[in-house]
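Okay, so here's the structure we're looking at.
From a predicted model like this one, the values you see are computed outputs, not experimental measurements.
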Amino acid sequence: VNSFNSFGASVLTMVSAMDGGHYLEAVRLLLSWGAELFLGGEPMSEEGKLSFVGGLSKDDRVEIAELVSSELGGRRCEIVSS
């Protein structure tokens, strides 16, 4: 689920930031499978996530911003290591 493009951005990062179209369902599906926000091949820092979510909200993609910033990230349950 966390495959990257040549800039190290995850699919979730790319789909969340796309202009036009309706990507809410794709974001929901990716999050339900445990996708995470990556940039430069590294997980986004808390600061980076806040900035990313702020940009989404500013661009009128509030629903996607809320999903990406939620505590469980759109998953139905919390994932814990075994």
Identify every side-chain donor-acceptor pair in residues 4-13 under 3.5 Å, counting partners at least two apart or on other chains, and give the distances.
{"residue": "N5", "atom": "OD1", "partner": "F7", "partner atom": "N", "Å": "2.9"}
{"residue": "N5", "atom": "OD1", "partner": "G8", "partner atom": "N", "Å": "3.1"}
{"residue": "N5", "atom": "OD1", "partner": "A9", "partner atom": "N", "Å": "3.0"}
{"residue": "S10", "atom": "OG", "partner": "T13", "partner atom": "N", "Å": "3.3"}
{"residue": "S10", "atom": "OG", "partner": "T13", "partner atom": "OG1", "Å": "2.9"}
{"residue": "S10", "atom": "OG", "partner": "E36", "partner atom": "O", "Å": "2.8"}
{"residue": "S10", "atom": "OG", "partner": "F38", "partner atom": "N", "Å": "3.2"}
{"residue": "T13", "atom": "OG1", "partner": "F38", "partner atom": "N", "Å": "3.1"}
{"residue": "T13", "atom": "OG1", "partner": "F38", "partner atom": "O", "Å": "3.0"}

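The distance from atom CG of L30 to atom CD of E25, rounded to the nearest 0.5 Å, is 11.0 Å. For the atom pair M44 CE and L50 CG, the distance stands at 11.0 Å (nearest 0.5 Å).
Contacts classified as salt bridge (charged side-chain N to carboxylate O under 4.0 Å, His left out) and involving residues 37-48 (residues at least two apart or in different chains) are given here: E46-K49.
Using a 4.5 Å cut-off on side-chain heavy atoms (C-beta onward), S16 and F52 make contact.
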*Apply side-chain contact (heavy atoms from CB on, under 4.5 Å) to the pair V62 and L56, showing each step before the final yes or no.*
CA-CA 6 Å; V62 177; L56 290 172; over 6 Å; no
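Checked against side chain to side chain contact (heavy atoms under 4.5 Å, CB included), L24 has the following partners two or more places apart in sequence or in another chain: R28, E63, I64, L67.
Remark: side-chain polar atoms of S51 are not paired, donor with acceptor, to backbone N or O of G48 under 3.5 angstrom.
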